[in-house]
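Report on one structure; see the data block that follows.
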Amino acid sequence: MSTTLDSRYDPNEAQQRWYDFWERRGYFHAEPDERQPYTIVIPPPNVTGALHMGHALNNTLQDVLIRWRRMQGFNTLWVPGTDHAGIGTQAVVERRLREQEKKTRHDLGRDGLVQRIWAWKDDYEARILNQLRRLGSSCDWQRTRFTLDPVCARAVRQTFFRMFQDALIYRGKRLVNWDTHLQTAVADDEIFHETVQGHLWTFRYPVKAAGEPAGQAGEHIRIATTRPETRLGDTAVAVHPADPRYQHLIGRTVELPLTGREIPIIADAILVDPKFGTGCVKVTPAHDPNDYQTGLRHRLPMINILNPDGTIHANGGKYAGMDRDAAREAVVADLQALGLVESVEDYETQVGHSDRSKTPIEPYLSDQWFVRMDKLAEAAMDAVRDGRVRIHPERYTKTYLDWLGEKRDWCISRQLWWGHRIPVWRQPVSHDAPAQAAALRALETQPGAAPEDSIAWQINRQGTGEIVHSSHEEPSLFADLAEGDYDILVCMLRDDAALVASLEAAGFVQDRDVLDTWFSSALWPHSTLGWPEPTPDLEYYYPTSTLVTSRDIITLWVARMVITGLYNCGDVPFRDVYIHPKILDAFGQTMSKSKGNGVDPLDIIDRYGADALRFTLTRMTTETQDVRMPVGYACPHCGTIIAQKSEHQQMKPRDGRKPRIKCPSCKKEFQFSSPNFDPDAGEPVGRVVSERFEEGRNFANKLWNAARFALLNLENYTPGPVALDQLADEERWILSRLAGTVSEVTEHLERFRFSAAANAIYDFAWSEFCDWYVEMAKLRLRDPATRGPAQRVLATVLDHLIRLLQPVMPFLAEQVWQALGAHAPERGIPIPSAPADSVMIAPWPLAPTEWRDPQVERRIARLQEVIKAIRNIRSKFSVEPKRRVTAVLRTSADIAAELRGFAPFIAQLATVSDLRVGPDEGKPADSVSAVSSDWELWVPLAGLIDRPAEIARNRKLLGSIEGQLKSFRSKLGSAEFVSKAPPDVVELHRQREADLLNQKASLQEILHELEGVPG
RNA sequence: GGGCGACUAGCUCAGUUGGUUAGAGCGCUGCACUCACAUUGCAGAGGUCACAGGUUCGAAUCCUGUGUCGCCCACCA
């Protein structure tokens, strides 16, 4: 190890060097063999942007699992890749186009825009994959996939085709969330609600009496609305069937002012809450989800009044072409003029906004493609109910089951250009339906169409989603369908040029829409393995083992993968789903670049190292649903971290000058990135980082130095067998603790308790290995007589520790492993052997039960207690660190013998020159005391003792002991406790009471003496 | 409105099936740069476990209710 002399660990060199080493040796690559597989497919990051802290966490945990299982001997495969993220990526590219070139997508055309997005994708995919490498991810890069690549595209096509054939996919008019800015449907999950200050208007509509002109009789019905413009599309007014006020109106009609249309008054108990507003509701089936349902129930006409861009449709009469907001004002003004506005009040409403364009969503009736969910959802629910898929933490199964239980059909079409195009060609049934049927029949039998399953068709009643005929039947069946109401939909499994040509020649036109991104993501676990081809990979690695993801996509992604896995492969896509926490900032907000609180993993790697990042993230991963990570700005001048406050997020440029932060340490100022502005080019920028990662860096450094110590002490190492019964107590102890730690860590990982696993390693390495074993080992290492065996134990323990560490801190582990190999090329207890070429492929440590030794653990614990007690006294009385003291202990003969054996340690670790220990020892003059349940201790400190202070200290101690004693006595004095509590608990209490009584007696004696002897 | 979760030391979090007077890291205080490590070591201070009831011999832990916060779902014309 060339850097042996450097007491600081430099992660950068190790990272580059060992990652290349692993990759060159092909450790990341997997091929099916006779071993048991362990497979993870990455949740493919969106190519919309670079990876953030959430990704770093997600991928760290996957790599921990993969590296651990690899060491356990599994054939491990981690499939990497990225997601095209349809709407998200198109939106960012379009925004850039607009900002940088002042162009819209229409200026470029479909092919032009898609080309631009591919360029963006190439750029970000490279950045993302590089970030994963910097993180240390042991992905099989040869299997890198992208959701739009040919392998995935074929799977998408196959799935769509089969679902189409099985009538699980249909096309119909549905009310969807329409983004008028991007002009596409967006999913429910891509919407956020914002509170908007609006108004609630109450209008009066004249009721038309039978046979009379409207309004003449003077009866009006009062209707409240927050959206007056939608009344252009009203097709009914609804009242509650049991509302006595309106009984007489049900079945009559009103004239809809401004349109002149006459619409019915209907009764609907679901839509109408008689206690709200006037108890009368306008019904606009084409522009409101509830009204839409009402429209279906009452078979009302559905009048669309909006164009895709949010302006009023020709159906809106004189308002046609106006923007929706302008139309609202105009409608109100016109009704006002007619005297039909009864009142206007301020009103707060929740308005749905598109996540992507941040503009208000319009419920909009349009033709869309859907997957029928009823049976598919039921199968996916069963897979979780019967444990074929297990979700951890378990509470998230409820999220999964509740969502699937709704069985809402899945809208899979998007009016975008970036994505998998819907492979369906369409034309309406014409006046010459028999000829169309014949043409279809001809297509089916065309040479390119073989095998028979490459073309499928449906006859669909326009707008309804109803499939009236399908390719399971003879095409001639639909030859007698009337013109105008039906569409012929032809789905092609492959893009066969000749077939497409004949299709289009026959008048079919391909659907312009693309598929929802989640349609391709849903196939990810099997599409990446080569499905639909029966590849060896698919055969061997599917179903995958574990899915690691965050809770916000349990429904969008996890549930849908189970659905398609079962549908396509007949088996679940994974056995375990681990849901990890989300990382929030100090104020509980999600991190994002746009809020200025996002931490870039590369900044952390640069500052603290990849191992530090990984360790800290692993240690943060508890079972809670969120973890907080306070962030700060790193001063670009001196590196000091200044905590980010919410005011930093609010700061705005003033007088053209960007805000700056003044570093309290070096007094210089710097700029920072913010939601409100970008830093000036060339200015030093304070990066957003978090001090939390110091914990990981410090740990790495501690381990590094422990390794340095070991290596320095392994000069002239010779391998050889080690017999347990020849080892010293401290050696037996560290092996026992090591064995305990190994089984603990293994069990934690098996149960996805990442934080607990990291803590167990940390505590063992720092508090046991470094703090005690290394200090004690120094004695035997210095003595030529014991140096050899001591070296063998040291090398073996370090070897095991490094292997435990590998999954979490692979770079440091490899660095130490290689260096250790140079010093101790054979090591192990009882019989040494040559280690693996890399710690990455070394076997996961087993915990031999013969290493466990509870008795030696108790003995060392007692030793530690004595040493700590002496140190405590030294510290309290400000004894100079170098000054040697005498320690006197009164204890049983057994313990005395044991402690005498440990005298060198007590001398070394507590700076004791004279140790006197035995059953007959007594308090020396001018000494300070300590008591435990096993012994009484005195340290003579003539001249240093402040007698009144010492009395006070012991009195306080006595008070605490008496307090405890009281609580134990009252418990033991209770007949109920003694009779009802388990015997071992009672016994424990008795023991404890006896210990306390001993200590109390000792303290009383001490106090008696202190108070009795005049100061 | 329905559901889920959280509330433990100044901060971030542990606390396994109820059982010694509750732990860690950071921060804080004091001492120490002794030959692995000051990104360190040693010692210490700091908590009526959100609140109120209940179950129990015994509650941070189980039950009920209240409060505060967060998230998810459904949505108020």
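Residue numbering restarts at 1 for every chain, and letters A, B, ... go by the order of the sequence lines.
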Sugar-phosphate only, base, or nothing, as touched by A:Arg871 at under 4.0 Å among non-hydrogen atoms: sugar-phosphate

Test item: A:Asp585 side-chain N/O and A:Phe587 main-chain N/O as donor-acceptor pair under 3.5 Å: yes

Residues which pass ring-ring contact (aromatic ring centres under 6.0 Å, His included) with A:His353, listed by chain and number, not counting sequence neighbours: A:Phe192

5'-most by nearest nucleotide on RNA chain B - A:Phe968 or A:Ala224: A:Phe968

Sugar-phosphate, base or nothing in reach of A:Arg408, heavy atoms under 4.0 Å: sugar-phosphate

Sugar-phosphate, base or nothing in reach of A:Gly279, heavy atoms under 4.0 Å: base

A:Lys868 atom NZ: more than 12 heavy-atom contacts under 6.0 Å: no

d(CD, A:Glu406; P, B:G3) in whole Å: 14 Å

Are there any protein N/O atoms within less than 3.5 Å of an N/O atom in nucleotides 35-41 of chain B, and if so, which ones and at what distance?
| from | atom 1 | to | atom 2 | distance (Å) |
| --- | --- | --- | --- | --- |
| B:A36 | O2' | A:Asn705 | OD1 | 2.9 |
| B:A36 | O2' | A:Arg708 | NH1 | 2.7 |
| B:A36 | N6 | A:Cys770 | O | 3.3 |
| B:A36 | N6 | A:Glu775 | OE2 | 3.1 |
| B:A36 | N3 | A:Asn705 | O | 3.1 |
| B:A36 | N3 | A:Ala706 | N | 3.3 |
| B:C37 | O4' | A:Asn705 | OD1 | 3.0 |
| B:C37 | O2' | A:Asn705 | ND2 | 3.4 |
| B:C37 | O2 | A:Lys702 | NZ | 2.9 |
| B:C37 | N3 | A:Lys702 | NZ | 2.9 |
| B:U39 | OP1 | A:Arg8 | NH2 | 2.7 |
| B:U39 | O4' | A:Asn698 | OD1 | 3.3 |
| B:U39 | O2' | A:Asn701 | ND2 | 2.8 |
| B:U39 | O2 | A:Arg697 | NE | 3.1 |
| B:U39 | O4 | A:Arg8 | NH1 | 3.1 |
| B:U40 | OP1 | A:Asn698 | ND2 | 3.2 |
| B:U40 | O3' | A:Lys702 | NZ | 3.2 |
| B:G41 | OP1 | A:Lys702 | NZ | 3.2 |
| B:G41 | OP1 | A:Trp766 | NE1 | 2.3 |

Touch class at under 4.0 angstrom, heavy-atom based, for A:Gly588 against every strand present: nothing

Listed once per pair and sorted, the salt bridge (Lys or Arg N to Asp or Glu O under 4.0 Å) pairs that draw on residues 283-294 of chain A, sequence neighbours left out: none

Residues A:Glu623, A:Arg751; criterion salt bridge (charged side-chain N to carboxylate O under 4.0 Å, His left out); working and verdict: CA-CA 11 Å; A:Glu623 288 203 3; A:Arg751 297 168 66 172; over 6 Å; no

Partners passing side chain to side chain donor-acceptor pair (under 3.5 Å) against A:Glu950 (at least two apart in sequence or in another chain): A:Arg953, A:Asn954

Residues that A:Asp606 engages under side chain to side chain donor-acceptor pair (under 3.5 Å), provided they are two or more places apart: A:Arg134

Dot-bracket encoding per residue of RNA chain B, Watson-Crick/G-U cut-off under 3.5 Å, | denoting interstrand: (((((((..((((.....[...)))).(((((.......))))).....(((((..]....))))))))))))....

Using atom types as modelled, flag every donor-acceptor pair under 3.5 Å from a side chain in residues 754-767 of chain A to any protein atom, sequence neighbours excluded.
| from | atom 1 | to | atom 2 | distance (Å) |
| --- | --- | --- | --- | --- |
| A:Ser755 | OG | A:Arg619 | O | 2.9 |
| A:Asn759 | OD1 | A:Arg619 | NE | 2.5 |
| A:Asn759 | OD1 | A:Arg619 | NH2 | 2.8 |
| A:Asn759 | ND2 | A:Ser755 | O | 3.4 |

Spacing between A:Lys582 atom NZ and B:A6 atom C1', to the nearest angstrom: 16 Å

Pairing residues for A:Thr294 by the side chain to side chain donor-acceptor pair (under 3.5 Å) criterion, not counting sequence neighbours: A:Arg297

Integer-rounded Å distance: B:C72 P and A:Leu584 CG: 11 Å

Whether over 12 other heavy atoms sit under 6.0 Å from A:Arg884 CZ: no

By ring-ring contact (aromatic ring centres under 6.0 Å, His included) - contacts of A:Phe752 (at least two apart): A:His392, A:Tyr578

For atom CG of A:Leu996 and atom P of B:U20, their distance in whole Å: 13 Å

Least distance between heavy atoms, A:Glu865 atom then A:Ser932 atom: OE2-CB, 3.8 Å

Enclosure of A:Glu750 CD (heavy-atom neighbours >12, cutoff 6.0 Å): yes

Nucleotide-resolved protein contact map, nucleotides 7-18 of chain B, B/S/- at heavy-atom distance under 4.0 Å: -----SSS----

Between A:Arg787 and A:Tyr717: side-chain donor-acceptor atoms closer than 3.5 Å: no

A:Trp557: partners by side chain to side chain donor-acceptor pair (under 3.5 Å), with sequence neighbours left out: none

Among B:A43, B:C57, B:A77, the nucleotide that comes nearest once only the side chain of A:Phe977 is considered: B:C57

Sugar-phosphate, base or nothing in reach of A:Lys398, heavy atoms under 4.0 Å: sugar-phosphate

Phosphate OP1/OP2 of B:C42: any A:Asn872 side-chain N/O under 4.0 Å: no

Sugar-phosphate only, base, or nothing, as touched by A:Ser979 at under 4.0 Å among non-hydrogen atoms: nothing

Contact residues, residues 873-883 of chain A to RNA chain B [heavy atom, < 4.0 Å]: A:Ser875, A:Pro881

Sugar-phosphate only, base, or nothing, as touched by A:Ile223 at under 4.0 Å among non-hydrogen atoms: nothing

Sugar-phosphate, base or nothing in reach of A:Pro982, heavy atoms under 4.0 Å: base

Per A:Gln625 side chain, nearest of listed nucleotides B:C4, B:A77, B:G70: B:G70

